[in-house]
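Input: a single structure, listed below in structure tokens.
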Amino acid sequence: MLSEVKTFQKEYMTQFEDLYAYSYEEGTDTERFLALGLLLRRYYGDRWKESVSEYRQDKKRQVYYFSMEYLPGRQLKSNLLNLGLLQTARTAIDGLGLDFDQIVRAEVDPALGNGGLGRLASCFMDSMASTGIAGNGCGIRYRYGLFKQKFVNGHQIELPENWLRNLNVWEVRREGKAVTVRFGGTVELVPNADNDLKPVYHNTQTILAVPYDTPQIGYHNKTVNTLRLFSAEVPYEDETAYQTPQERNAVKQITEVLYPDDSNYEGRLLRLKQEYFLCSAGIQTIVNHFKGLKLEWSEFPEKVAIHINDTHPTLCIPELMRILLDDEGLSWEQAWNIIHKTFSYTNHTILAEAMERWPVDMVERTLPRIMQIIWEINRRHYLIKGALYGQDIAHKTAPVIDGQVQMAHLAILASHSVNGVAKLHTEILENYTLRNFKLISPAKFNNKTNGITLRRWVMLANEPLSNLIDQRIGKEWRSSPKEVSLLKAYQTDKKLLKELLAVKKANKERFAAYVADQMNIEIDPNALFDVQIKRLHAYKRQLLQALHIIDRYWRIKEDPGSIQQPRVFIFGAKAAPSYHYAKEIIKLINALADLVNNDPEVSEFIKVVFVENYGVSLAELIIPSADLSEQISLSGKEASGTSNMKLMANGALTIGTLDGANVEIRDSVGEDNLFLFGLKADEVENLKASHIYHSADYYHNNPRIKRILDTLIDGTIPDIEEEGRDIFDSLVTYNDEYFLLKDFDSFVDAQDQADLAFQDPHEWARKCLLNIAASGNFSSDYTVLRYAKEIWKVDPGLHLFNIQDFS
Ligand SMILES: *Cc1c(COP(=O)(O)O)cnc(C)c1O
């Protein structure tokens, strides 16, 4: 270790000076980080090369995971951990008189995703490498990530996040692997010498897709996979086609920004172009690789498994059809057969507003050949499915309905596997949303409950907890996450429970220091830290928690002493810039924070902290400090959730509805170790169907609710005239679409239970321990192993995993 540290220091100093021509002592933290990152490339370069060449030589089946979003977080510590170099690097860097943790924070956190869907893709990339699955990620290298959020007078404003302004040390530009993507123009089918119809294109626009590759380093194994992100550029050979700056900018624009809408369909032309750009570039890369293997086309599915993360990459399907038909000369039947064996699809939502549909004329104008192929898929669908199941079912499941391309229908019809992301979500898909598809192809449907990588969310985010776990049960849990359940045996070990509380306290102090420094708010690490961090969305019901805070405010005001347990209410959430209602809720919570935090009578018991710019790095800081995890979506609306898993793994107790993966969390940790409340999914459905819910009755008949809602409009909370009125109206006048008032009393009861439980630190710590012990089930290592076994049919590198472990 000592000599390793010395070597590392020497290499680091050389690296720094080669790069900047002055000593590391004079550098900035960013420069120190960049030198460290570049040095690391030498430590994984060989393994990366070997993994790539091994996959090529063995001609193994490889997985290609297509996602419009990734949220990888900072890579430095993660790469060091997986390479087994974290301690070496820390000791070496600190030994040079630098601050390792400060250098770590100088790395930008690439926000190439909105929320859960993007973070899942990144957890999967880490887990595929760590389980030795030959998995490639395909995505877009957005020039600007998700906007940077600031609060001005409590309102969200959005600023551009120029994450590439410094060198990105992890990526490698692969200009030699660039491909061209065609847009627009017209296409006619002309018979060739064999009398086959071949497309001839006129006036199309050709754009270069340049790949940038980032290594995905497996944990303590030899695997280094590739995340390939494409950037749009003007083709070098065809530069005269783009003569004005406007024309050249229009090309670059395709990969300029990430659409900031989470769970919301954005029907704009540029987004359609982005989707096709990713699909065409990715599919061409796969086809080029496959052609290098010199095999028959019928063997394509044996070498390639393509997974599409939600419907955004659905155009991969007609794009591969296009190449097989037009360029490779396969028959429709041959090509469709290959498609079906190759593709699988994950559905992430049942929210109607998130279902992608593109107007036929827009697709026609932008991607004329792709639209022809979709029409032919549609024609054959009616022919075959109509004959088998009748015209009504064929119509309801068609790829094109009422002049709109139904992306989910196309994805389902073409894929051999369709999965939901939690038990309840998959059931709702099968029984309601997608029941007609379930009818025509029942065997396609399956569930794969989401997961999280414990490496990032526990080992890196919470080193003190990880060390404590190591001390008690050894380190096996680090490569076999289910082993963390051995902790259960220590639930009566007073010493451990005390140590657990001490770790939590230290993490709370760390977050409190951040809040004091960044927000100038003092919070007490002894208070209960109550955390709700996720995108702002009406169905996630941040407003329900705000109403609960207002309730506490009045309880304290009217009867001082009635609330005994001090709490810090912590929020982190970005709202889509166009989502007016979500932004109003941000303003409400910020105004409430001002009111509560500055009223000495109240602030002793309630503090409200809404952190700016929530993202992966902030999540890593907040989650280890949480006592309570708010998972309070209206039942039936949250597909899975993953922050629920991260918080549980860090010893926070869940307060939640039986929604998404909260159901599996309940099953895994036991009913006594979380706080459940509210309507169940079937009760929500029945209540909706019966039309007997009148939210105004709750306002008029429940004095507590009346008091709270009046607070929104009577000036108690300063500066929210418009917001307060709109929110009041949504709850009272427009019948409270997400049943907040219906669930309110039950929610407050559960919150009071949580207060009570928190007053017994020993018992609370025992529940924390049981939550941590149950969290191994939610490791994304197991999730990807289930995908590998049941969907992709690829073998993991089983040197670390017992196959029994995950089935
Ligand atoms: C995990 C994560 C999410 C997903 O949170 P949910 O509560 O499951 O919606 C969103 N954003 C970030 C930055 C995350 O790390």
Side-chain angles (χ1 to χ4, degrees), residues 67 69-74 78 108-127 145-149 161 163 258 260-264 309-310 348-349 351 354 421-422 424-425 449-458 460-462 530-542 544-545 570-576 582 611-624 626 628-634 637-650 652 654-657 659-665 775 778-780 783:
S67 179
E69 303 189 10
Y70 292 89
L71 272 184
R74 294 179 179 129
S78 168
V108 288
D109 177 345
L112 308 185
N114 275 290
L117 174 143
R119 182 54 228 172
L120 186 79
S122 288
C123 278
F124 280 12
M125 289 310 298
D126 180 282
S127 284
L146 185 59
F147 64 86
K148 194 173 0 177
Q149 180 193 53
E161 177 72 283
W163 72 287
L258 164 75
D261 292 290
D262 189 62
S263 297
N264 187 60
N309 193 28
D310 214 322
H348 281 267
T349 180
L351 299 181
V421 290
L424 176 65
H425 173 233
T449 301
N450 282 167
I452 55 161
T453 169
L454 297 187
R455 286 173 291 280
R456 177 169 295 270
W457 295 110
V458 180
L460 294 174
N462 202 341
D530 180 344
V531 171
Q532 188 170 20
I533 44 174
K534 48 187 79 250
R535 281 301 285 261
L536 214 137
H537 217 296
Y539 83 83
K540 290 177 183 279
R541 302 202 294 191
Q542 280 92 350
L544 184 59
Q545 177 76 322
I570 297 157
F571 295 89
K574 288 180 180 176
V611 297
E612 264 175 350
N613 204 34
Y614 175 62
V616 173
S617 294
L618 262 174
E620 288 170 351
L621 179 67
I622 296 169
I623 289 171
L628 204 54
S629 160
E630 298 284 338
Q631 307 300 337
I632 60 177
S633 51
L634 175 65
K637 294 288 181 193
E638 186 73 88
S640 164
T642 48
S643 76
N644 46 2
M645 302 167 186
K646 300 165 195 167
L647 283 152
M648 170 202 203
N650 281 274
T654 303
I655 181 164
T657 48
D659 196 15
N662 295 351
V663 175
E664 283 99 319
I665 288 178
S775 69
F778 299 99
S779 164
S780 49
T783 315

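Remember, it's 1-based here, ligands and their atoms both numbered in the order they're listed.
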Open item on the list: Using a plain distance cutoff, I'd like to know if Arg119 has any nitrogen or oxygen under 3.5 Å from a nitrogen or oxygen of ligand 1.
Closed with: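 No, since none of the N or O atoms of Arg119 sits under 3.5 Å from an N or O of ligand 1.
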Contacting atoms of ligand 1, where contact means under 4.0 angstrom from a heavy atom of [X]:
{"X": "Gly641", "answer": "8 (O)"}
{"X": "Gly615", "answer": "13 (C)"}
{"X": "Trp457", "answer": "15 (O)"}
{"X": "Ile533", "answer": "7 (O)"}
{"X": "Gly115", "answer": "10 (C), 11 (N)"}

- [ ] Before accepting this row, confirm whether a basic side-chain N of the pair Asp126/Arg456 lies closer than 4.0 Å to the acidic partner's carboxylate O.
- [x]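 Result for this pair is no, no salt bridge flagged.
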Task: Distance-minimising heavy-atom pair for Asn462 and Pro624 - done: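 Shortest heavy-atom separation between Asn462 and Pro624 comes out as ND2-CB, 3.6 Å.
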Task: Distance-minimising heavy-atom pair for Thr453 and Ser127 - done: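 Where Thr453 meets Ser127 most closely, the heavy atoms are CB-OG, 4.3 Å.
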- [ ] Verify, without hydrogens or angle tests, whether Gln542 (side chain) and Arg535 (backbone) share a donor-acceptor contact under 3.5 angstrom.
- [x]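 A pair under 3.5 Å: yes.
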- [ ] Would you mind telling me if ligand 1 is within reach of the side chain of Asn644, the backbone, both or neither, using heavy atoms under 4.0 Å?
- [x]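 Asn644 to ligand 1: no contact under 4.0 Å from either part.
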Open item on the list: Counting only heavy atoms, tell me which of Ser633, Gly113, Gly116 gets closest to atom 4 (C) of ligand 1.
Closed with: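 That would be Gly116.
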Task: Side-chain heavy-atom pair Leu120, His348 within 4.5 angstrom cut-off - done: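 Yes, close enough: below the 4.5 Å cut-off.
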Open item on the list: A side-chain contact here means heavy atoms from C-beta on lying under 4.5 Å apart; do Phe571 and Val611 qualify?
Closed with: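 Result no, sub-4.5 Å side-chain heavy-atom pair not found.
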Which residue and atom name correspond to the protein heavy atom nearest [atom], and how close is it?
{"atom": "atom 9 (O) of ligand 1", "answer": "Lys540 NZ, 2.7 Å"}
{"atom": "atom 2 (C) of ligand 1", "answer": "Lys646 NZ, 2.4 Å"}
{"atom": "atom 6 (P) of ligand 1", "answer": "Ser643 OG, 3.6 Å"}
{"atom": "atom 8 (O) of ligand 1", "answer": "Thr642 N, 2.7 Å"}

Open item on the list: As an exercise, state the distance from OG of Ser629 to CG of Asp530, rounded to the nearest 0.5 Å.
Closed with: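 If I round to the nearest 0.5 Å, the distance is 9.0 Å.
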Task: Option passing side chain to side chain donor-acceptor pair (under 3.5 Å) with Gln631 (candidates Lys540, Gln532, Glu638, Lys534) - done: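 Of the listed options, the one satisfying the test is Lys534.
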TODO: Give a yes/no verdict on whether any heavy atom in Asn114 is under 4.0 Å from an atom of ligand 1.
DONE: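 No.
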TODO: Please confirm whether Lys574 makes a cation-pi placement over Phe147, using NZ or CZ under 6.0 Å from the six-membered ring centre and within 45° of the ring normal.
DONE: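 Verdict for Phe147: a cation-pi partner in Lys574.
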